[in-house]
Undergrad: 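Before I ask anything, let me first share the structure, which is written out below as structure tokens.
The basis for the numbers below is simple: all heavy atoms, side chains too, and nothing from hydrogens, waters or symmetry mates. By convention in this document, chain letters (A, B, ...) are assigned in the order of the sequence lines, proteins followed by strands, and residues within each chain are numbered from 1.
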Protein chains: 2
Amino acid sequence: MRVLVVEDETRLAENIADGLREGPGFAVDIARDGEDALHFCSAADYDLIVLDLMIPRLSGAEVVRQLRAARNRTPVLVLTAVSETGNTIHLLNAGADDYMTKPFDLGELIARARALIRRGKGVSEPLLRFGDLEVHTGEQSVSHGGRKIELSPIEYRILEYLMFRPRLVISKRELLEHLYDFTWEHHSNVIEAHVSNLRKKLRAATEAEVLETLRGRGYRLVGRA
Amino acid sequence: MRVLVVEDETRLAENIADGLREGPGFAVDIARDGEDALHFCSAADYDLIVLDLMIPRLSGAEVVRQLRAARNRTPVLVLTAVSETGNTIHLLNAGADDYMTKPFDLGELIARARALIRRGKGVSEPLLRFGDLEVHTGEQSVSHGGRKIELSPIEYRILEYLMFRPRLVISKRELLEHLYDFTWEHHSNVIEAHVSNLRKKLRAATEAEVLETLRGRGYRLVGRA
DNA sequence: TCCACCCGATGCGGGTTCTGGTAGTGGAAG
DNA sequence: CTTCCACTACCAGAACCCGCATCGGGTGGA
């Protein structure tokens, strides 16, 4: 999953970013002010935006307003200082999805981030199921009929992303965009390679063809529901 | 978060209160004696109580006793002078959760306060058990099947922290955050080193692999319950 | 002073990810 | 139906990163 952190205080921004990378394994970009944030959002499709209210150039509130005006539905988690809580209601009405007051517990931020991403994709439970396949987003594990399947972190992320929209074709490009951040420069067959490995493991565990290739279009999960 | 500081020495009380307000941003009330403290506690639901032992009207020990008798599970952090340490053990067994001897470092008090709060409203049992492993939070000692395991202070705190949520993956970041005070600039492998030593001691004592590493995610305690 | 402990650095080992190459497959055009 | 081309699968080695063990120096307490 790809997340944008909008925060001008470098230390805090890095802190949050690292937490989101290490814990749930998100790809994270950092924007330092409101205009920056909008640029990033037009350049990439994020699964979540973590937005500080007090940022230079454009206020957090304004950022949300412009995003929503542009029909961007990405979930927004707002960070406010205690003194700003008065505006909060206002902000939620303007299109934010959740808020936390600083200082906050990083663990809780991660928990809410996960929940928001799920909700943004129309899923309410932390357990993704498709056929006999189960993905536990909390502990980042996968099982098939109760038996655990061992995946590398990247393989897990790919599968998780697909599991949010089973049966739907997902392009390689989309996978790249959502699994890596902007610091990524490589253009090779990374995705193909990992999908290949993932497919092999899934085939071994399920004894069926679950991960289908649609030539020139992408991949999708198939199978009887 | 709401914290009650029980301390009759005004200067010290204000000092602690300010530290808790500025650092982690807690809301802090101050009670000047034991009865005061109990009144405050019946009027509000605190997340933590910082309690001096030597206070007028009702001793700290008595305060804890009455609180627990009234089914109040708020974590209690006790402050003692060195000469009183003899009573401390009793106090911890009576339901206090942690203690520090005066004079103490304000940063460390904050760190411990946060740790206590995050451990939440779980029962303040002085004994943590997981499998054959027992952690006596009172005397800060560890034993395995009745045989004591000698740990250094830091090793103990790491183990204790893990024992509060056995089987759950705890990241290095979280350990750092909870065991050291918040301003931690340099990143090194302190945690890895201590975990390494701790694991060695645990392995020697239990003759089993208790402390598991999840690469890139963290550590967790495993084993049959 | 001595001792236990903690910190920070370093090299090693193992696992994960990336890359390049090759074989294979499907679609389109002839 | 055949041929050709672009795209994909899979493999194997390389590069990289993370965590482990260990050690010397520093520090604070007895």
Undergrad: How close do Ile55(B) and Gly60(B) get, counting heavy atoms only, and between which atoms?
TA: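 In this case the closest contact between Ile55(B) and Gly60(B) is CG1-N, 4.0 Å.
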
Undergrad: What is the distance, to the nearest angstrom, from the CZ atom on Arg199(A) to the C1' atom on dC11(D)?
TA: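 Arg199(A) atom CZ is separated from dC11(D) atom C1' by 15 Å.
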
Undergrad: Going by heavy atoms in the side chains, are Met163(B) and Leu221(B) under 4.5 Å from each other?
TA: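 In short, these two side chains touch, coming nearer than 4.5 Å.
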
Undergrad: Quick check on dC20(D): is either OP1 or OP2 less than 4.0 Å from any side-chain nitrogen or oxygen of Ser196(B)?
TA: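 Checking dC20(D) against Ser196(B), no side-chain N or O comes under 4.0 Å of OP1 or OP2.
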
Undergrad: Return no unless some side-chain N or O of Arg203(A) is found under 4.0 Å from OP1 or OP2 of dC10(D).
TA: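 So the side-chain polar atoms of Arg203(A) do come within 4.0 Å of the phosphate oxygens OP1 or OP2 of dC10(D), strictly under.
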
Undergrad: To the nearest Å, give me how far apart CD (Glu212(A)) and P (dG26(C)) are.
TA: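 Between P of dG26(C) and CD of Glu212(A): 12 Å.
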
Undergrad: Checking Arg157(A) against Tyr180(A): charged group under 6.0 Å from the ring centre and within 45 degrees of the axis?
TA: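 Arg157(A) over Tyr180(A) ring: no.
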
Undergrad: Would you mind reading off the distance between Glu192(B) atom CD and dC17(D) atom C1', rounded to a whole angstrom?
TA: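 From Glu192(B) CD to dC17(D) C1': 12 Å.
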
Undergrad: Around atom NE2 of His136(A), are there more than 12 heavy atoms from other residues, nucleotides or ligands closer than 6.0 Å?
TA: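 Buried by this count: over 12 neighbours within 6.0 Å.
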
Undergrad: Rounding to an integer number of Å, can you tell me how far Glu209(A) CD sits from dT25(C) P?
TA: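 It works out to 13 Å between those atoms.
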
Undergrad: Quick one: is dC7(D) close enough that its OP1 or OP2 comes under 4.0 Å of any side-chain N or O from Tyr219(A)?
TA: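 Answer is no, no contact under 4.0 Å.
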
Undergrad: Would you kindly give the CZ-to-P distance between Arg157(A) and dT16(C), to the nearest whole Å?
TA: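 The answer, rounded to whole Å, is 13 Å.
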
Undergrad: Counting heavy atoms from C-beta on, name the nucleotide in dA21(D), dC5(C), dC18(C) closest to the side chain of Pro153(B).
TA: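 Closest nucleotide among those given: dC5(C).
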
Undergrad: Can you tell me which nucleotide in dT8(D), dC7(C), dG19(D) comes closest to the side chain of His194(B)?
TA: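 In terms of side-chain proximity for His194(B), the closest of dT8(D), dC7(C), dG19(D) is dC7(C).
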
Undergrad: Name the closest nucleotide to the Thr213(A) side chain, picking from dA9(D), dC7(C), dT22(D).
TA: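 Per side-chain heavy atoms of Thr213(A), the pick is dA9(D).
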
Undergrad: Side chain of Arg215(A) only, heavy atoms from C-beta on: which candidate in dT16(C), dC7(D), dC18(C) is closest?
TA: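 Output: dC7(D).
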
Undergrad: Rounding to a whole Å, what distance do you find between Leu198(B):CG and dC6(C):C1'?
TA: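 To the nearest whole Å, that distance equals 15 Å.
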
Undergrad: Charged N to carboxylate O under 4.0 angstrom, Glu174(A) versus Arg165(A)?
TA: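 Arg165(A) and Glu174(A): salt-bridged.
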
Undergrad: Please tell me which of Asn189(B) and Leu151(B) maps to the more 5' nucleotide of DNA chain C, matching each residue to the nucleotide holding its nearest heavy atom.
TA: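 The 5'-side residue here is Leu151(B).
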
Undergrad: Starting the side chain at C-beta, find the nucleotide from dC17(D), dC6(C), dC20(D) nearest to Ser152(B).
TA: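 So the side chain of Ser152(B) is nearest to dC6(C).
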
Undergrad: Tell me which nucleotide among dC6(C), dC11(D), dG19(D) gets nearest to the side chain of Ala193(A).
TA: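 Selected nucleotide: dC11(D).
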
Undergrad: Given atom CD of Glu22(A) and atom P of dT16(C), what is their separation to the nearest angstrom?
TA: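 Going from CD in Glu22(A) over to P in dT16(C) covers 17 Å.
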
Undergrad: Quick one: is dT8(D) close enough that its OP1 or OP2 comes under 4.0 Å of any side-chain N or O from Lys172(A)?
TA: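 Looking at the OP1 and OP2 atoms of dT8(D), one of them is under 4.0 Å from a side-chain N or O of Lys172(A).
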
Undergrad: So, is Lys200(B) close to the dA21(D) phosphate, meaning a side-chain N or O under 4.0 Å from OP1 or OP2?
TA: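 No, outside the criterion.
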
Undergrad: Whole Å only: how far is the CD atom of Gln140(A) from the P atom of dT16(C)?
TA: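 Rounded to whole Å, this separation is 14 Å.
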
